[in-house]
Amino acid sequence: MTHNSQKREVETASSLNDRLGLSFSNFSLLTKALTHRSYANEHQDGVMDNERLEYLGDAVLDFIVAEWAYRHFPELPEGDLTKIRAHLVQNENLAKFAQQINLGAALRLGRGEKITGGHHRESVLGSAFEALLGAIYLDSNFEKVSGFVLPFVDPLIDTVLEEISDPKSQLQERVQALRIGPLIYRVISTSGPDHARIYEVEVEFDGEVKGRGKGSSKANAEREAARDALRNI
């Protein structure tokens, strides 16, 4: 690795540090949080990837979100609180949080990962977001991490209960009660590059298309189609 490339990477991490107001005292932690395994594999000079920090950040995030759900939904039983936590910390949401702060632009990726769009891939972004939380925790304290996470979670309070419901199960129950035939989910289009594929699905029953939905996976698109159908019937 040349000196110039080293400097450029430090400046990228430094820019992220300043832009987000993270105030890292141990800057190597932030650099490690931004280092994907593909980069570490290409640099056999002691470079460490972010997977251990991801493990720690995952645990810290689980507790923050669990406490948030406990405080904001005092009427809900344990099972529903568990669903809220599981929904909010799923990788799809973490990738969206990462996109909000343009985290992908600061990641250190291997050449192959860059070429295939790793800066935008959900799995890479979600893992890096957790690694960043782990780094913040080690560099500072739990309160600092919580203060960083909650602004991402708070805006979801009005929609999370709808999101944790399973619209496909609800639609199946409604169709069975009305005795209007089986449900048929059909992919009608796909768009976008391989690392950011968008699926469009329609759901048909009683001989008609009743709902359509889009998502980053077939399962997500099917849920949105079911939710649309529930509104329509």
Side-chain angles (χ1 to χ4, degrees), residues 1-65 86 88-153 192-197 216-217:
M1 185 188 303
T2 67
H3 175 73
N4 287 338
S5 64
Q6 283 181 320
K7 184 174 186 298
R8 190 160 54 246
E9 284 154 3
V10 170
E11 287 173 347
T12 300
S14 177
S15 175
L16 181 74
N17 181 61
D18 294 341
R19 178 163 55 85
L20 300 182
L22 297 175
S23 303
F24 265 80
S25 57
N26 183 353
F27 204 73
S28 65
L29 279 172
L30 177 57
T31 302
K32 188 186 300 182
L34 300 174
T35 303
H36 188 259
R37 176 175 54 187
S38 61
Y39 183 95
N41 288 341
E42 290 181 6
H43 297 77
Q44 303 298 323
D45 54 358
V47 174
M48 297 184 66
D49 63 46
N50 61 8
E51 292 184 358
R52 282 172 55 85
L53 286 173
E54 176 191 350
Y55 159 78
L56 181 61
D58 174 71
V60 173
L61 178 64
D62 264 0
F63 185 83
I64 292 172
V65 174
L88 291 177
V89 303
Q90 65 180 338
N91 195 75
E92 182 180 356
N93 280 326
L94 301 187
K96 290 177 182 178
F97 298 162
Q99 290 166 352
Q100 290 176 30
I101 58 175
N102 196 24
L103 186 60
L107 297 181
R108 302 204 297 177
L109 304 176
R111 288 186 296 273
E113 194 68 30
K114 285 181 182 178
I115 292 172
T116 58
H119 286 103
H120 307 287
R121 186 173 293 116
E122 280 188 358
S123 59
V124 173
L125 290 174
S127 296
F129 186 81
E130 288 181 322
L132 178 60
L133 300 186
I136 295 173
Y137 174 76
L138 289 179
D139 187 71
S140 185
N141 52 47
F142 180 81
E143 287 71 23
K144 181 71 176 286
V145 188
S146 183
F148 180 78
V149 169
L150 292 180
F152 294 100
V153 177
D194 289 343
H195 64 270
R197 185 73 72 194
S216 58
S217 67

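Classification of the F129-F152 ring pair by plane angle, with boundaries at 30° and 60°, yields perpendicular.
When side chains are defined from C-beta on, L132 counts as touching I101, because their heavy atoms get closer than 4.5 Å. Residues L53 and L133 are not in side-chain contact: their nearest non-hydrogen atoms beyond the backbone lie 4.5 Å or more apart. In this structure, the side chains of L34 and L103 come closer than 4.5 Å at one or more pairs of heavy atoms. Side-chain contact between E113 and L107: absent, with no pair of heavy atoms (C-beta onward) separated by less than 4.5 Å. Using a 4.5 Å cut-off on side-chain heavy atoms (C-beta onward), L88 and V153 make contact. Between L61 and V145, every side-chain heavy-atom pair lies at or beyond the 4.5 Å cut-off.
Smallest separation of non-hydrogen atoms from V47 and A40: O-CB, 3.7 Å. A pairwise comparison of heavy atoms in K32 and N50 identifies O-CB, 3.1 Å as the closest pair. A pairwise comparison of heavy atoms in H119 and L125 identifies O-CD2, 3.4 Å as the closest pair. Scanning all heavy atoms of the two residues, the minimum distance from A135 to A33 falls at CB-CB, 3.9 Å.
Heavy atoms from other residues, nucleotides or ligands lying under 6.0 Å from CZ of R197 number more than 12. Counting heavy atoms of neighbouring residues, nucleotides and ligands inside a 6.0 Å radius, atom CZ of F142 exceeds 12 of them. Atom CZ of F24 has more than 12 heavy atoms from other residues, nucleotides or ligands within 6.0 Å.
How far CD of E143 is from CD1 of I64: 9.5 Å, rounded to the nearest 0.5 Å. The structure places CG of L94 at 11.5 Å from OG of S123, a figure rounded to the nearest 0.5 Å. Rounding to the nearest 0.5 angstrom, the gap separating the CG atom in L29 from the CE atom in M48 is 10.5 Å. Atom CG of L30 is separated from atom CG of L138 by 12.5 Å, given to the nearest 0.5 angstrom.
A donor-acceptor pair is defined here as one N or O able to donate and one able to accept, closer than 3.5 Å; such a pair exists between the side chain of N17 and the backbone of S23. Remark: the backbone N or O of D45 is not paired with any side-chain donor or acceptor of H43 at under 3.5 angstrom. Judged purely by atom type and a 3.5 angstrom limit, D139 uses its side chain to pair as donor or acceptor with the backbone of S25.
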* To do: Test side chain to side chain contact (heavy atoms under 4.5 Å, CB included) on L16 and N102 and set out the steps.
  => CA-CA 9 Å; L16 181 74; N102 196 24; over 6 Å; no
* Given R121 and T116, is the side-chain hydrogen bond (donor to acceptor under 3.5 Å, both in side chains) satisfied, shown in steps? -> CA-CA 9 Å; R121 186 173 293 116; T116 58; 3.3 Å; yes
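Among R111, R37, K114, R108, the one residue that satisfies the salt bridge (Lys or Arg N to Asp or Glu O under 4.0 Å) test with E42 is R111.
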